[in-house]
Each structure stands twice: as structure tokens, then as C-alpha cells.
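What's counted below: heavy atoms across the whole structure, side chains too, no hydrogens, waters or symmetry copies. Numbers for residues simply follow the sequence, beginning at 1.
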Amino acid sequence: MKTLIVVIHPNFATSLVNKSWVEALENQSDRYDIHQLHQVYVDGKIDVVAEQQMMEKYDKIVFQFPFYWFNCPPFFKQWLDEVLTYGWAYGKKSGYKLEGKKIALAISAGIDEQEYGVTGKYKYSIEQLTSPFEITFDYVKANYQKPFVFYGIEKESSKEWIAQSVSQYLSFLEQF
């Protein structure tokens with residue numbers, strides 16, 4: 001079965017890493033379906049029923065985005081708020097429509113990995129900073145996986161560095 005890749009990037013046209021990831025995934029359309037939220041919902045109005053129906057079709061879902069201010073882009077938060085509704089995603093009579101589905105985050109982080117964590121400049125690890133996603137997906141009984149994170153694009157944006165991110169991302173998806 002294919003994996004759904006939900007891309008949330010408000011400046012996709014100028015992206016280096018996320019655009020490279022999508023281009024690599026498009027070459028494997030037999031394995032991955034790509035859903036770019038900002039392209040589908042240019043006006044910012046989410047078709048909740050269509051999104052829910054799409055989520056129900058996949059057993060593996062990856063949310064791909066750049067790390068903004070130690071969080072996700074705002075449109076992803078809006079998506080979570082609007083799509084994960086009571087009666088569909090959770091609640092006594094919901095059927096927990098995401099139950100058991102493997103869900104992961106794929107994050108491009110501008111900052112170097114050593115800057116995260118107790119001894120780093122920013123004090124918290126990516127796992128700590130993304131814990132609200134883990135709790136959210138646990139709450140709806142999905143099978144949340146450890147995120148894929150590619151660090152350091154602010155300091156290193158060479159073609160070789162970006163190519164390395166692509167191969168690492170594809171390896172992650174192979175094992176997902």
C-alpha cells in the first residue's frame with residue numbers, strides 16, 4: 001500500500017530541502033502519494049470531509065514540513081484543529097478513524113542538531129519540541145513513530161548536503 005505524504009510548506013517554491021524531497025518522491029509515484037496542503041487550499045479553507053476521507057485510505061501517513069519557530073507551520077495546526085474532529089478522530093462514538101495507522105513527521109530544521117538538547121543553545125531536543133504531536137496522535141490512537149529530522153540547512157545548503165537529505169529521507173520512508 002502507498003504512503004501518503006502531506007506536505008505543509010507555505011513557501012514551497014523557494015524551498016531547497018522540502019522541494020528536493022517531493023521531487024524524489026514524485027519519481028516513486030507507485031509508492032507515495034503527495035498531498036500539498038498549500039497548493040490544494042490556496043484560500044486556506046480546508047475541506048474537512050475530503051481530508052478525513054483521504055486519511056482513511058492510508059495505513060501510513062507522513063506530515064512533512066519545515067520547523068518554524070520550534071513548531072510546525074500554522075496551516076498544519078489549523079489542519080489538526082479542523083480535521084481531527086470529535087466523532088471522527090476521537091470520542092466514544094467516533095470509531096477512532098486513525099487508530100493503528102502509522103504516522104510520522106518529516107522535518108527540515110535549519111539549526112544544527114547539537115544546538116538542540118540539554119547542552120545545546122535551545123535547551124530542548126526535537127523529540128521534546130514535537131511531543132505535542134506525539135500526544136495528539138496517541139490521543140486519536142494512531143501509531144506515532146519517531147520523526148525524521150534533517151538538520152543544519154541554514155549553515156549548509158550545498159547541492160551535496162541537500163542530496164544527502166534526500167537519500168536519508170528515502171531511507172527513513174523505506175523503514176517506516
Peer 1: Determine, step by step, whether Leu25 and Asn27 satisfy the side chain to side chain contact (heavy atoms under 4.5 Å, CB included) criterion, reporting the C-alpha distance in whole Å, the side-chain angles of both residues, the deciding distance to 0.1 Å, and the verdict.
Peer 2: CA-CA 5 Å; Leu25 295 172; Asn27 291 329; over 6 Å; no
Peer 1: Could you check, using the six-membered ring where one of them is a Trp, whether Phe148 and Tyr169 have ring centers closer than 6.0 angstrom?
Peer 2: yes
Peer 1: Taking all non-hydrogen atoms of both residues into account, name the closest pair between Ser20 and Val166 and its distance.
Peer 2: CB-CG2, 3.7 Å
Peer 1: For residues Trp21 and Ser15, determine if any side-chain heavy atom of one lies less than 4.5 Å from a side-chain heavy atom of the other.
Peer 2: no
Peer 1: Just by distance, do the side chain of Lys60 and the backbone of Ile103 share a donor-acceptor pair under 3.5 Å?
Peer 2: no
Peer 1: Using 0.5 Å steps for rounding, measure from the NZ atom of Lys2 to the NZ atom of Lys57.
Peer 2: 11.5 Å
Peer 1: Roughly how far, to the nearest 0.5 Å, is OG of Ser158 from CD of Gln164?
Peer 2: 8.5 Å
Peer 1: Please test Tyr96 against Tyr139 for side chain to side chain contact (heavy atoms under 4.5 Å, CB included), starting from the C-alpha separation and ending with a verdict.
Peer 2: CA-CA 9 Å; Tyr96 287 90; Tyr139 189 77; 5.9 Å; no
Peer 1: When rounded to the nearest 0.5 angstrom, what is the spacing between CZ in Phe65 and CD1 in Ile107?
Peer 2: 4.0 Å
Peer 1: For Lys102, is there any backbone N or O sitting under 3.5 Å from a side-chain donor or acceptor partner on Gln145?
Peer 2: no
Peer 1: Search all heavy atoms of Tyr86 against all heavy atoms of Gly91 and return the closest pair with its distance.
Peer 2: CE1-CA, 3.5 Å
Peer 1: For the CD atom of Gln36 and the CG atom of Asn18, what is their distance to the nearest 0.5 Å?
Peer 2: 9.0 Å
Peer 1: Kindly indicate whether the side chain of Glu51, heavy atoms from C-beta on, has any atom under 4.5 Å from the side chain of His35.
Peer 2: yes
Peer 1: Taking the ring of Tyr122 and the ring of Phe70, is the distance between their centroids below 6.0 Å?
Peer 2: yes
Peer 1: Checking the side chain of Lys101 only, and the main-chain atoms of Glu56 only, is there a donor and an acceptor separated by less than 3.5 Å?
Peer 2: yes
Peer 1: One pair to check against side-chain hydrogen bond (donor to acceptor under 3.5 Å, both in side chains): Asp33 and Tyr58. What are the steps and the verdict?
Peer 2: CA-CA 10 Å; Asp33 284 335; Tyr58 295 87; 2.4 Å; yes
Peer 1: Would you compute the distance between atom CD1 of Ile46 and atom CG of Asp81 and round it to the nearest 0.5 angstrom?
Peer 2: 9.0 Å
Peer 1: Taking all non-hydrogen atoms of both residues, which atom of Asp47 and which atom of Tyr41 are closest, and how far apart?
Peer 2: N-CE2, 3.3 Å
Peer 1: State yes or no: do Leu4 and Val83 share one hydrophobic cluster built from I, L, V, M, F, W and Y residues joined by side-chain heavy-atom distances below 4.5 Å, directly or via other members?
Peer 2: yes
Peer 1: Do Leu129 and Ile111 land in one hydrophobic cluster if side-chain heavy atoms of ILVMFWY residues count as linked below 4.5 Å?
Peer 2: yes
Peer 1: Could you check, using the six-membered ring where one of them is a Trp, whether Phe75 and His38 have ring centers closer than 6.0 angstrom?
Peer 2: yes
Peer 1: Work out which heavy atom in Ser125 is nearest to a heavy atom in Tyr116; give both atom names and the distance.
Peer 2: CA-CB, 4.1 Å
Peer 1: Check whether the ring centres of Phe133 and Tyr144 lie less than 6.0 Å apart, and answer yes or no.
Peer 2: no
Peer 1: Under 4.5 Å between any side-chain heavy atoms of Met55 and Lys97, yes or no?
Peer 2: no
Peer 1: Looking at Thr14, is its backbone amide N or carbonyl O close enough to the side chain of Asn11 to form a donor-acceptor pair, meaning the two atoms are under 3.5 Å apart?
Peer 2: no
Peer 1: In this structure, would Tyr68 and Ile8 fall into the same cluster of hydrophobic residues linked by side-chain contacts under 4.5 Å?
Peer 2: no
Peer 1: Within a strict 4.5 Å, meaning less than it, do heavy atoms of the Pro73 and His9 side chains meet?
Peer 2: no
Peer 1: Which heavy atom of Val22 sits nearest a heavy atom of Ile34, and at what distance?
Peer 2: O-CD1, 3.8 Å
Peer 1: Would Ile126 and Tyr151 satisfy side chain to side chain contact (heavy atoms under 4.5 Å, CB included), going step by step from the backbone distance to the final call?
Peer 2: CA-CA 10 Å; Ile126 284 284; Tyr151 298 92; 3.2 Å; yes
Peer 1: Are Leu16 and Val149 grouped together when hydrophobic residues (ILVMFWY) are joined by side-chain heavy atoms under 4.5 angstrom apart?
Peer 2: no
Peer 1: Hydrophobic cluster membership, with links at side-chain heavy-atom distances under 4.5 Å among I/L/V/M/F/W/Y: are Val6 and Phe12 in one?
Peer 2: no
Peer 1: Using atom types as modelled and distance alone, determine if a side-chain donor or acceptor of Asp112 lies under 3.5 Å from a backbone N or O of Gln114.
Peer 2: no
Peer 1: Side chains of Phe150 and Trp161: closer than 4.5 Å at any heavy-atom pair?
Peer 2: yes
Peer 1: Can Ile61 and Thr3 be said to form a side chain to side chain contact (heavy atoms under 4.5 Å, CB included), step by step?
Peer 2: CA-CA 6 Å; Ile61 303 165; Thr3 299; over 6 Å; no
Peer 1: Find the distance between CZ (Phe67) and OG (Ser108) and round it off to the nearest 0.5 Å.
Peer 2: 10.0 Å
Peer 1: When the ring centroid of Phe63 is compared with that of Phe76, is the distance short of 6.0 Å?
Peer 2: yes
